Amino acid sequence: MTTRNRPWRQEIELLQNYPRHKTFTYEVPQETPPTAKVAVDITASMEECNKVSLIVENADAYIAFDEDASSTTGSETMLVPQDEGYFDDAVYIGSKISIIAKTANTQPRIRGIIWGR
């Protein structure tokens with residue numbers, strides 16, 4: 001294959017809309033009853049998060065943006081089953097991503113990346 005035939009990307013295809021990014025991995029400590037933990041402190045890395053991609057491993061977990069995760073209904077917390085993920089862009093997260101284990105004595109782990117400014 002010659003150099004001319006390679007699938008080189010154009011500069012516009014490589015541009016990232018967000019000037020900052022942060023990867024993260026956080027494993028929830030085993031505890032009874034489970035309590036919410038801050039998995040990512042947004043303010044330590046950027047002004048605001050506008051794009052998020054994450055996966056939950058080892059056990060089911062509740063995830064919340066800008067508040068403490070909770071297992072009670074009516075909160076803004078979402079349940080992410082084990083080995084499932086979540087992706088969103090055009091989102092605003094200003095302070096933190098928190099996590100709480102769905103079941104006592106389990107240790108869910110969250111891995112992901114956030115982009116923002």
Side-chain angles (χ1 to χ4, degrees):
M1 182 185 272
T2 65
T3 307
R4 281 185 270 167
N5 294 337
R6 292 195 178 166
W8 299 114
R9 298 287 182 207
Q10 294 189 19
E11 183 179 350
I12 193 70
E13 294 176 285
L14 300 174
L15 289 177
Q16 177 57 257
N17 294 338
Y18 307 107
R20 297 181 186 255
H21 71 280
K22 176 180 177 39
T23 60
F24 59 90
T25 300
Y26 181 80
E27 189 165 3
V28 177
Q30 248 182 349
E31 57 187 7
T32 303
T35 59
K37 305 291 183 195
V38 175
V40 182
D41 180 5
I42 305 291
T43 60
S45 303
M46 59 190 70
E47 186 178 325
E48 66 185 41
C49 169
N50 304 114
K51 184 177 179 180
V52 61
S53 179
L54 60 87
I55 188 165
V56 173
E57 303 170 326
N58 300 337
D60 299 350
Y62 291 99
I63 308 290
F65 303 144
D66 288 336
E67 65 179 51
D68 290 334
S70 171
S71 59
T72 61
T73 58
S75 70
E76 295 296 320
T77 302
M78 66 179 151
L79 174 61
V80 181
Q82 175 182 344
D83 298 327
E84 293 289 327
Y86 175 80
F87 170 83
D88 202 355
D89 61 354
V91 67
Y92 175 85
I93 307 170
S95 61
K96 65 184 175 183
I97 298 174
S98 66
I99 182 171
I100 187 172
K102 180 181 177 190
T103 310
N105 294 320
T106 60
Q107 289 185 276
R109 180 173 48 229
I110 182 174
R111 293 180 193 265
I113 185 168
I114 56 174
W115 294 269
R117 59 179 191 92

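Keep in mind it's a predicted model, so treat the numbers as computed, not measured.
Between R20 and S45 the shortest side-chain heavy-atom distance does not fall below 4.5 Å. With contacts defined as side-chain heavy-atom distances shorter than 4.5 Å, the pair I114/M46 qualifies. Using a 4.5 Å heavy-atom threshold, the side chains of F65 and I42 count as separate. Side-chain contact between E67 and T77 is present, with heavy atoms from C-beta onward closer than 4.5 Å. Contact annotation: the side chain of R117 approaches that of E48 to within less than 4.5 Å [non-hydrogen atoms, C-beta and beyond].
Looking at every heavy atom in both residues, I113 comes nearest to F24 through N-CE2, 3.5 Å. The two residues P108 and A59 come nearest to each other via the heavy atoms CB-O, 3.4 Å.
Sorted by first and then second residue, the side-chain hydrogen bond (donor to acceptor under 3.5 Å, both in side chains) pairs involving residues 93-114 (not counting sequence neighbours) are T32-N105, E57-R109, E57-R111, D66-S95, D68-K96. Residue pairs meeting the ring-ring contact (aromatic ring centres under 6.0 Å, His included) criterion with at least one partner in residues 25-49, sequence neighbours excluded, do not occur; the list is empty.
I100 and V40 are assigned to two separate hydrophobic clusters, defined by single-linkage of ILVMFWY side chains at heavy-atom distances under 4.5 Å. I97 and I55 fall into different hydrophobic clusters, where Ile, Leu, Val, Met, Phe, Trp and Tyr residues are linked whenever their side-chain heavy atoms come under 4.5 Å apart, directly or through other members. V28 and Y62 fall into different hydrophobic clusters, where Ile, Leu, Val, Met, Phe, Trp and Tyr side chains are chained together by heavy-atom contacts under 4.5 Å.
Just one of P19, C49, S53 meets the side chain to side chain contact (heavy atoms under 4.5 Å, CB included) condition when paired with W115; it is S53.
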Extract all donor-acceptor atom pairs below 3.5 Å that involve side chains of residues 78-93 and protein atoms in other chains or at least two apart in sequence.
{"residue": "Y86", "atom": "OH", "partner": "D88", "partner atom": "OD2", "Å": "3.0"}

